[in-house]
Each structure stands twice: as C-alpha cells, then as structure tokens.
K.L.:
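Below is a structure I'd like to ask you about.
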4 protein chains.
Amino acid sequence: MPDNREARAAARTDMIMRTTLALAQETGYAKLSIEAVAARAGVGKHTIYRRWPSKGLLFLDSLLSLNEPALDYPDTGDVMADLRRQIYAAVDLLTGPQWGPLYQALVGEAQHDPAVAAGLGERFIRPQTDKTVARLRAAQEQGQVAPGFDLDLAMSILSGPLYFRFLISQEPLTRDYVDRVLDALFAGMGPRGPADAPASA
Amino acid sequence: MPDNREARAAARTDMIMRTTLALAQETGYAKLSIEAVAARAGVGKHTIYRRWPSKGLLFLDSLLSLNEPALDYPDTGDVMADLRRQIYAAVDLLTGPQWGPLYQALVGEAQHDPAVAAGLGERFIRPQTDKTVARLRAAQEQGQVAPGFDLDLAMSILSGPLYFRFLISQEPLTRDYVDRVLDALFAGMGPRGPADAPASA
Amino acid sequence: MPDNREARAAARTDMIMRTTLALAQETGYAKLSIEAVAARAGVGKHTIYRRWPSKGLLFLDSLLSLNEPALDYPDTGDVMADLRRQIYAAVDLLTGPQWGPLYQALVGEAQHDPAVAAGLGERFIRPQTDKTVARLRAAQEQGQVAPGFDLDLAMSILSGPLYFRFLISQEPLTRDYVDRVLDALFAGMGPRGPADAPASA
Amino acid sequence: MPDNREARAAARTDMIMRTTLALAQETGYAKLSIEAVAARAGVGKHTIYRRWPSKGLLFLDSLLSLNEPALDYPDTGDVMADLRRQIYAAVDLLTGPQWGPLYQALVGEAQHDPAVAAGLGERFIRPQTDKTVARLRAAQEQGQVAPGFDLDLAMSILSGPLYFRFLISQEPLTRDYVDRVLDALFAGMGPRGPADAPASA
DNA sequence: ACCTAAGCGAGACGGTACGTCGGGTCTTCTT
DNA sequence: AAGAAGACCCGACGTACCGTCTCGCTTAGGT
C-alpha cells in the first residue's frame with residue numbers, strides 16, 4: 001500500500017486542524033498558540049510549520065476544513081424566497097456558537113494579515129458571492145430583477161448590512177433583519193417606493 | 001501653578017499616542033509593541049500601562065485622538081446630495097494612506113478584543129450612525145424618504161456595502177461605488193424600479 | 001514646645017524601623033522592599049530615603065535599635081564562668097527565632113555592602129569584642145590567662161567557632177558546644193595538654 | 001557523532017559560567033543580573049533559567065567550576081607543618097583579588113538563600129572539613145593530638161577565626177595570623193600553658 | 001534483507017515582548 | 001519645613017511563544 005505514509009500525514013494534518021479548532025474554542029483565537037496546538041496534538045512544532053507558514057493560515061485552513069454549510073443555492077424560481085432561504089442559512093451559521101466567534105476572529109485576523117485575507121477571499125468569500133451572483137443573474141433573466149442592475153452591487157448590498165451587524169455594530173443577526181434588508185433592497189427607499197416598504201422595527 | 005503636573009501628564013499622554021501612531025504607520029499594527037512605544041517615546045512602560053490596559057485600547061485612543069474627520073453633516077435640503085457628500089468624505093478618509101490601514105487594523109483588533117469593540121462602537125461608530133440617522137430623519141420628514149422606512153436599516157444599507165468592500169472583498173473604495181450604492185438604495189432592485197436604475201459597471 | 005516636631009520625627013523614625021523588622025520577619029530580608037515598608041508604615045518613600053541611604057543600612061539601624069541584649073559582662077572573679085555566662089547569652093540570642101535569622105541576614109548583607117559592614121563592625125561587633133577583651137585583660141592580670149597571650153586572638157578564637165557554626169556549617173548552636181570551645185581554648189589541643197581535655201562528642 | 005548536542009550544551013554552560021564570573025568581577029555580585037549574563041554570553045535568558053533556578057546557584061556553580069585550589073592535604077608526618085601549609089594555601093586564596101571578593105559574596109548570598117547555603121556546604125565546605133578532620137585523625141593516632149580531643153571541634157577552632165576575620169572583623173588575613181591561631185590552639189590559653197604561648201601582636 | 005531517505009516527536013536555542021516589581025528622584029499638596 | 005502621596009524613568013525580573021535548529025527513531029520503498 002503505497003499511500004500508507006500519505007494517509008498518516010493526512011491524519012496528522014487533520015488532527016492538527018481539529019486541535020486548533022478545539023483550542024480556539026476554549027481559549028479564543030487571540031490566545032491560541034502554535035506551541036499549544038503542537039503539545040495538545042502530540043505533534044512536533046516543525047510538523048505544523050512544515051504545513052502552514054503562520055497561525056493565521058493554520059486557523060483559516062482549520063476553520064474551512066469544516067466546510068460546514070455547503071451553502072448551496074436552490075433555484076425554485078422565486079428569487080426572493082431562494083435568497084431568503086440562503087441567507088437564513090448563512091445567518092444561522094454566524095449566529096451559532098460554533099462558527100460565529102471563530103469566523104469573527106478569522107475576519108479580524110484577515111485585517112492584519114494579507115495572506116489570510118487573500119485565502120479567505122479566494123476560498124470562502126469569492127465562491128459564496130459567485131453563487132449568489134449566479135442566482136441573481138438567473139432571476140434577472142427571468143425578469144425578477146431590474147434589467148441592467150449591477151449584480152455585484154446587489155451582492156454587496158445584500159451581504160454588507162449583515163457583515164456590518166456582525167463585525168461593526170455587534171447587534172444580533174436575526175431572520176427578521178434579513179427580511180427587512182431583502183425587502184428594502186427590492187423596494188428601494190425612495191419616496192416613490194411601493195406601499196409595502198418595510199416598516200420601522 | 002497648580003496644574004503644572006497635570007499639564008505634564010497630558011503632554012506625556014499625548015506623546016505616547018503620537019508615538020503609537022508613528023510606529024503603527026512604520027511597522028504596522030501587528031508588529032507594534034508597547035515596549036517599542038515606551039522606548040521611542042522616552043517613557044517607562046509603567047507609564048503606559050498606568051493609562052491603558054492593553055495595546056488595543058492604546059491604539060484606539062491614539063487613532064481617535066486624531067479625530068480627523070469631524071465628519072459633520074451638512075443639511076442643504078437635498079438628502080441624496082448631503083449623504084453623497086458625507087460618504088465621499090468617509091471614503092476619502094478610508095482610502096487615504098494615513099487613516100486607511102490603521103483604521104482597518106483597529107476594526108480587526110475589535111474582532112479579537114471586546115473592549116476595543118465596545119470603545120470603537122461607542123466613540124466612533126455610534127456617533128457617526130446617529131448623525132446619519134438624524135439626517136435621514138429630517139429627509140423623511142420632508143418626504144424625501146418613504147414614510148415608515150426603518151432608518152437604522154437605511155443606515156446599515158448605506159454603510160454595510162462600504163465596510164464590505166473595505167474589510168471583506170478588499171476591492172477599492174471609489175466615489176463611483178458610493179454613487180451606485182446610493183442610487184440602488186433609493187431606487188430599489190425590483191423590476192418595478194424606475195428606469196434610471198444604476199447600470200452594470 | 002519646640003521639640004514637638006522632633007518628637008514626631010523620632011516617632012516616625014521608630015515606626016519605620018519597627019515596620020522594617022516586622023516585614024523582615026514575615027517575608028525574610030531578601031524580599032524586603034523599601035516600597036513595602038513605606039506603604040505599611042503609612043509613610044512616604046522619601047521619608048525613608050531622607051533617613052537611610054539604602055535598604056541595608058535601614059535594616060542595620062532597625063535591628064540594632066532593639067539593642068536587645070545589652071550583653072554586659074559580669075566580673076565575678078572567675079573568667080571561665082563569666083565568659084561562659086556571657087557566651088551563653090549571645091548563643092541564646094542567635095538561637096532565638098527573633099534575632100537569629102535577622103542577624104544572619106544582616107551579616108549576609110554586610111558581605112555585599114561595605115557600608116553595612118562598617119556600620120555593623122563599629123556599632124555591634126567592635127563594642128562586643130572590646131568588652132570581651134577587657135574582661136580577658138582583667139583575667140590575665142589576675143593570672144587566669146597565660147601572661148603575654150594575645151587577647152585579640154583569644155577573642156577571635158572564642159567567637160570564630162560560633163560564627164562558623166552560625167554562618168558556615170549551619171549546625172545548631174548549643175551551650176554544650178560553647179563549653180567545649182571554652183575548654184579547648186584554655187587547655188589546648190596539644191598532646192601535653194591536661195587530662196581534662198574535652199572528650200569527643 | 002552522537003554527543004554533538006551534548007558537547008554544544010556543555011560549551012554553552014561553560015560560556016555562561018565564565019561570563020558570570022567575569023561580570024561578577026567587573027561589577028560585583030550585587031549588581032550582577034541574569035539579563036546581563038545572557039546578553040554578554042550571547043545566550044537567551046531561558047537557556048540560563050533552564051540550567052539554574054536562581055542567580056545565587058548560578059554564581060555558586062560558576063565559582064566552584066574553577067575548583068581553583070584543589071586544596072589537598074599533604075601528610076609529611078608533622079601535623080603542625082601540614083596544617084600550616086594547608087591553611088596558608090587557603091588564606092592565599094581568600095586573600096587573592098580573584099577569589100576573595102567573589103567567595104565573600106557567595107558566603108553572603110548563602111545567608112539569604114538556603115539553597116545556596118546547602119550547595120556551598122555540600123560541595124565546598126564539607127569536603128574541606130572532611131579532609132582536615134581526616135588529617136587530624138591521623139595526627140591523633142600518631143600521638144600529636146591529645147587523645148579523645150573532638151576533632152570536629154578542632155576543625156571549627158581552626159577555621160572559625162579565619163572566617164571571623166574574613167567575614168566579620170574584615171581585618172586582613174595574614175600568614176602570621178594563621179601561625180598564631182595554630183600555636184594557640186595547640187598550646188591553650190590557660191595559665192598552665194607552656195612558655196611558648198603566642199606573644200601579643 | 002539491507003539501506004537510504006523522509007517524516008516525525010521532542011525540545012533546546014536566540015530572540016522579542018510580555019506585564020510586574022522595585023529603586024531612587026521628583027513634584028505637588030497638606031499639615 | 002517636613003511629610004504623605006504617588007508619578008515617573010529605568011532596569012531587571014521570570015514567563016511565554018516565536019521560528020529555527022538538531023537529534024534519534026520509525027517506516028517504507030528501492031536495490
């Protein structure tokens with residue numbers, strides 16, 4: 001069996017990532033140290049450094065290795081419903097005690113470390129936005145979205161407020177909030193907007 | 001002169017904060033150390049620890065001590081114009097090489113340290129949002145915003161996409177982008193939106 | 001009352017010295033700090049530094065301020081008896097839990113700090129040796145000590161072994177040991193010595 | 001070569017001890033700091049703390065690593081001569097500018113730190129006294145020392161006065177002084193002592 | 001069936017910074 | 001005028017991790 005060795009290496013890699021997550025959950029990302037991961041995982045420090053160049057990237061990998069949600073988009077024909085369902089899922093994730101704080105820490109680390117920012121963008125943000133944009137495009141082709149509307153912009157307007165709550169104002173992310181963002185985005189804030197403009201909270 | 005002492009203390013405090021910013025600009029926040037600040041400022045470490053409990057809060061204070069922008073809202077009667085002008089100013093700030101990276105680091109640190117998050121919220125985010133909401137309220141009373149529209153939500157939808165670009169997608173913040181967000185927010189994305197919906201980039 | 005002030009100063013001085021001894025007894029001389037003395041005594045650090053230039057000298061003063069023993073020599077006509085009684089007293093002192101460890105620390109400090117060594121010599125060691133030599137001289141004049149015997153040397157030979165036990169070999173100081181030193185000193189170790197040479201322990 | 005590592009470790013240990021002695025000689029033991037030793041030796045502080053738990057024990061090891069004297073006892077058949085020769089050597093050592101002050105500091109430190117006291121006793125004092133007692137025992141068996149004379153006591157009476165001069169009265173240690181102590185010890189101070197009692201200085 | 005090469009645990013190592021302690025000096029206000 | 005209070009610069013403490021580096025052990029393929 002030629003890949004016996006590789007299998008062991010993969011098992012070790014996995015063990016390290018799981019330990020990283022466990023420690024991050026216990027003590028918080030800020031106090032996480034490679035030293036501690038190595039000790040807890042029963043692994044030499046070198047073995048970690050051989051795989052990851054920095055704590056940030058180790059953490060990125062560890063967190064993404066869960067690839068929890070497989071936030072895949074349904075296409076039922078109703079954009080609003082599909083988006084809502086999709087964003088609900090995302091919000092549930094960020095709200096949960098497992099992912100939430102860790103993902104917040106990851107985004108925080110990305111602000112300090114360009115490598116983390118790049119990895120996060122390519123491996124998590126970009127795929128998500130791509131999928132969303134694709135779903136929007138389908139909707140646009142079906143006339144559910146104004147023709148010519150910049151879909152990247154739409155994406156930003158959908159995600160931005162959520163991240164704003166998550167990272168900046170630290171208010172709780174609720175499904176109700178999602179609904180209101182969606183409604184507002186489709187209806188617009190202007191005075192000529194339809195009568196079903198979202199009501200004040 | 002009784003406040004000779006206090007004057008000296010204030011001068012030292014100031015010196016420390018200025019040194020902090022200088023070092024942060026030179027080496028980046030991540031590599032900033034209290035040790036280095038003390039050495040450069042010609043000050044004992046204790047003198048820093050007496051004033052700030054952590055590097056994060058020292059940095060927060062230092063950055064806010066610039067109170068650079070005094071991002072004050074004009075009220076010319078035209079909401080769109082006023083908001084646009086205001087957000088241009090904010091974007092110029094975040095885009096500039098002085099504030100930009102430091103503010104990014106500060107927001108990053110806030111993700112790791114609740115104390116920084118709280119300080120940042122109370123002393124910077126909250127005042128800004130309050131002013132924006134106030135301006136929106138005036139507009140609403142003048143009929144420029146749909147009656148009953150949740151203004152906090154409006155605020156989120158305005159700021160969110162900017163922060164999303166700034167922190168997450170790391171794309172450049174441009175005035176054009178601001179225009180498009182504003183337009184979209186007022187017009188809505190739905191198919192019944194007015195003909196002047198923003199065109200794709 | 002002109003010396004009201006001086007009385008207060010003296011009281012403060014006393015308070016400081018008593019606090020010094022108390023702290024030294026609680027934590028040991030090594031961990032004693034002027035900071036702690038000032039705090040406990042309710043006194044400014046300056047007030048201590050105004051009186052003593054160093055921790056060692058403060059401690060020296062504090063310890064000698066007890067001038068516990070007033071180790072005064074009796075003269076009953078019997079040198080051996082007088083010396084024995086006198087040395088018993090000294091041994092009791094060094095053995096006691098009050099003085100013993102503190103005096104040991106003081107002698108230790110004298111090895112590091114010449115000022116302490118000088119003060120200790122002039123104010124404690126010298127007076128003691130002078131008194132002992134005086135008593136020996138009287139004995140010599142009465143024919144109880146060999147004529148021409150160097151009395152300073154005799155003094156050294158009496159004290160030396162005690163200090164050796166106290167400082168170097170750290171064996172317990174007992175009255176029995178004193179007796180044996182005295183006997184040996186008077187009788188000599190040589191083979192022509194009298195039959196009552198001290199027996200092995 | 002398997003002990004490459006151990007050899008390097010030993011070399012480092014040696015380097016640290018030599019640096020310690022050099023610094024102690026330059027600045028005195030009191031001002032010696034582990035920080036300075038590490039810096040001068042080009043070594044991390046941890047590397048020192050890994051080897052020694054305290055400055056005192058580092059210094060003890062460093063000083064004993066010289067094991068300068070190899071104060072070995074000759075046995076020419078003449079006790080007095082052998083002792084004299086031996087003690088001369090010890091006195092020369094303590095008098096010398098190399099060992100003298102450092103050894104004094106070591107004994108001083110032993111008064112503050114029981115661990116140093118224990119180490120000093122076991123590794124330096126005890127071996128010396130053992131050798132002296134052994135030599136005295138041989139003399140006693142040959143009739144040069146009064147039968148039954150407590151040899152440990154004899155040892156104390158020989159060493160005590162020297163240490164007394166060295167540590168307490170701080171008078172110079174001379175060979176003449178050694179001679180007088182030896183004579184006195186053998187002859188005794190009593191009035192029946194032989195005519196050759198040591199004359200006053 | 002040996003042998004070489006790689007991966008690994010363990011952990012020593014030179015560094016940097018941490019947050020704390022105390023030394024000795026200074027200034028201000030209080031008594 | 002002396003003192004309580006305590007800020008201040010400084011130097012050192014002992015600790016924690018960093019990222020690099022041997023070292024000896026295991027485990028396979030390759031010969």
Side-chain angles (χ1 to χ4, degrees), chain A residues 1-9 12-13 16 31-39 41-55, chain B residues 1-9 12-13 31-39 41-55, chain C residues 4-6 8-9 11-13 15-16 31-39 41-55, chain D residues 1-9 12-13 31-39 41-55:
Chain A
M1 210 176 299
D3 51 352
N4 196 354
R5 191 133 75 190
E6 285 174 25
R8 308 242 273 198
R12 242 182 302 254
T13 300
I16 293 168
K31 293 187 185 172
L32 186 66
S33 76
I34 291 189
E35 196 110 15
V37 173
V43 141
K45 288 204 288 177
H46 222 48
T47 303
I48 297 182
Y49 282 111
R50 197 178 295 125
R51 287 164 165 77
W52 296 277
S54 71
K55 170 177 137 178
Chain B
M1 213 172 301
D3 53 350
N4 198 354
R5 182 133 79 186
E6 285 175 26
R8 309 236 273 206
R12 243 181 302 252
T13 300
K31 293 187 185 171
L32 184 66
S33 78
I34 290 189
E35 194 111 14
V37 173
V43 141
K45 285 202 284 178
H46 226 41
T47 303
I48 297 181
Y49 282 112
R50 199 178 292 124
R51 288 165 164 75
W52 295 278
S54 71
K55 173 176 135 178
Chain C
N4 196 354
R5 191 134 74 193
E6 286 176 25
R8 310 240 274 196
R12 240 183 303 255
T13 300
M15 182 55 162
I16 293 168
K31 293 187 184 172
L32 185 66
S33 76
I34 290 190
E35 197 111 13
V37 172
V43 139
K45 287 206 288 178
H46 220 49
T47 304
I48 296 181
Y49 281 111
R50 197 176 295 122
R51 288 165 164 76
W52 296 276
S54 73
K55 172 175 135 177
Chain D
M1 212 173 300
D3 52 351
N4 199 354
R5 184 135 77 185
E6 286 175 24
R8 309 236 275 206
R12 242 180 303 250
T13 300
K31 294 187 184 171
L32 185 66
S33 78
I34 290 188
E35 195 111 14
V37 173
V43 141
K45 285 203 283 178
H46 223 42
T47 303
I48 297 182
Y49 283 111
R50 199 178 294 124
R51 287 164 165 77
W52 296 276
S54 71
K55 173 177 134 178

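Order of the sequence lines fixes the chain letters, A, B, ..., with proteins taken first and strands second; residue numbering starts at 1 for each chain.
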K.L.:
Mind calculating the distance between CD1 (A:Ile34) and C1' (F:dG19) to the nearest angstrom?
P.N.:
9 Å
K.L.:
Between F:dA12 atom C1' and D:Tyr49 atom OH, what is the distance in whole Å?
P.N.:
8 Å
K.L.:
Can you build the contact string for nucleotides 4-14 of chain E? Use B for base contact, S for sugar-phosphate-only contact, and - for no protein heavy atom under 4.0 Å.
P.N.:
---SBS--SBB
K.L.:
Map C:Ser33 and B:Ser54 onto DNA chain E by nearest heavy atom, then report which one ends up closer to the 5' terminus.
P.N.:
B:Ser54
K.L.:
Salt bridge (charged side-chain N to carboxylate O under 4.0 Å, His left out) with A:Lys45: which residues, sequence neighbours excluded?
P.N.:
A:Glu35
K.L.:
Which whole-number value in Å describes the distance from D:Lys55 NZ to F:dG14 P?
P.N.:
10 Å
K.L.:
Could you tell me the separation between the NZ atom of B:Lys31 and the P atom of E:dA17, rounded to a whole number of Å?
P.N.:
10 Å
K.L.:
List in chain and number order the residues that pass side-chain contact (heavy atoms from CB on, under 4.5 Å) with C:Thr47, two or more places apart in sequence or in another chain; answer none if no residue qualifies.
P.N.:
C:Arg12, C:Ile16, C:Val43, C:Arg50, C:Arg51
K.L.:
May I have the distance from C:Trp52 (atom CH2) to E:dG23 (atom P), rounded to whole angstrom?
P.N.:
15 Å
K.L.:
I need the minimum non-hydrogen distance between D:Ala38 and D:Gly44, along with the two atoms involved.
P.N.:
CB-C, 4.2 Å
